[in-house]
S.K.: 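Have a look at this one before I ask anything.
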Amino acid sequence: MLKMYRQEHKKLKELQFLQATNFLLVSKLISNTKEDKNFIFKLPILDDQNKDDYEVNFKLKKMSGYTSNLEVLMKSPIDNKTLKLNLRIYHEAKLVEVTRFQNFHVSLLEIFQTSLKFGFLKDERLQWNSFTKEFLNLCVEEGQSIETFIPTWL
């Protein structure tokens, strides 16, 4: 019983660490996560044929003074379906939780070059948050803004 409790506690700590890391990554992408905003940028993604840029659409909506919802939309290069990732941002706790992961395809792991091994384990939440961390890292490192964020008065 104690061994099982320790394993669950370890998984919970790992999940919370991922959620805190995802909060930091989202904060790097979006300066103020407490305001409604939409923006689009491109990601260079390698596939077997060539290198293409894929548009990623971020829709941030304030839910309350303590939480916001971030919807990330991108056309899948595999099957042309829209990959939808819903993230709940907890401002005071400084955590980002994946609440929905739709149209994920295992082949996306080859495109995003992640070091993670995904194999339909019992704990999908851990997998979703791990993939989100890798995806947000790619967005921070390789994303190219389509819009300009420099004020015109400078």
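Counting from 1, the numbers follow the sequence of the chain as shown.
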S.K.: Is the side chain of Asp36 donor-acceptor paired with the backbone N or O of Lys62 at a distance under 3.5 Å, no angle test?
M.R.: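 Checked: pair present.
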S.K.: Counting only heavy atoms not in Lys61, do more than 12 sit closer than 6.0 Å to its NZ atom?
M.R.: no
S.K.: So which heavy atom on Asn38 is nearest to which on Leu60, and how close?
M.R.: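 Nearest pair, atom of Asn38 first, then Leu60: OD1-N, 4.0 Å.
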S.K.: Rounded at 0.5 Å granularity, tell me how far CD in Glu134 sits from CG in Leu138.
M.R.: 9.0 Å
S.K.: Is it the case that more than 12 heavy atoms not belonging to Phe17 sit under 6.0 Å from its CZ atom?
M.R.: no
S.K.: Can you tell me how far NZ of Lys11 sits from CG of Leu126, rounded to the nearest 0.5 angstrom?
M.R.: 8.0 Å
S.K.: How many angstroms lie between atom OG1 of Thr67 and atom CD of Glu97, to the nearest 0.5 angstrom?
M.R.: 11.0 Å
S.K.: Which pair of non-hydrogen atoms, one from Thr99 and one from Leu87, has the smallest distance, and what is that distance?
M.R.: OG1-N, 4.3 Å
S.K.: Looking only at heavy atoms, which two atoms of Leu95 and Phe23 are closest? And how far apart?
M.R.: N-CD1, 3.7 Å
S.K.: Please check this pair: side chain of Ser68 against backbone of Lys34, looking for a donor-acceptor N/O pair closer than 3.5 Å.
M.R.: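 Such a contact is absent between Ser68 side chain and Lys34 backbone.
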S.K.: Test your reading of the model: is there a side-chain donor-acceptor pair from Lys28 to the backbone of Leu136, 3.5 Å cut-off?
M.R.: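 No, Lys28 side chain to Leu136 backbone: no donor-acceptor pair under 3.5 Å.
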S.K.: Can you tell me how far apart NE2 (His91) and OG (Ser64) are? Round to the nearest 0.5 Å.
M.R.: 7.0 Å
S.K.: Kindly give the heavy-atom pair with the smallest separation between Arg125 and Leu15, and that separation in Å.
M.R.: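 In this case the closest contact between Arg125 and Leu15 is NH2-CD2, 2.7 Å.
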S.K.: Run the side chain to side chain contact (heavy atoms under 4.5 Å, CB included) check on Val96 and Gln19 step by step: do they pass?
M.R.: CA-CA 5 Å; Val96 169; Gln19 291 171 340; 5.6 Å; no
S.K.: Does the Asn22 side chain pair with the main chain of Asn129, one donor and one acceptor, at a distance under 3.5 Å?
M.R.: yes
S.K.: Minimum heavy-atom separation for Trp128 to Thr132, with atom names?
M.R.: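 Closest pair (atom of Trp128, atom of Thr132, distance): O-OG1, 2.7 Å.
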S.K.: To the nearest 0.5 angstrom, please state how far the CD1 atom of Ile89 sits from the OG1 atom of Thr33.
M.R.: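 The distance works out to 5.0 Å.
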S.K.: Give the cluster check for Phe131 versus Val140: same hydrophobic cluster or not, with ILVMFWY residues linked at side-chain heavy-atom distances below 4.5 Å.
M.R.: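 Same cluster.
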S.K.: Which heavy-atom pair separates Met74 from Phe135 by the least distance, and what is that distance?
M.R.: SD-CE1, 4.2 Å
S.K.: Would you give the length of the straight line joining atom CD1 of Ile40 to atom CG of Leu73, rounded to the nearest 0.5 angstrom?
M.R.: 9.5 Å
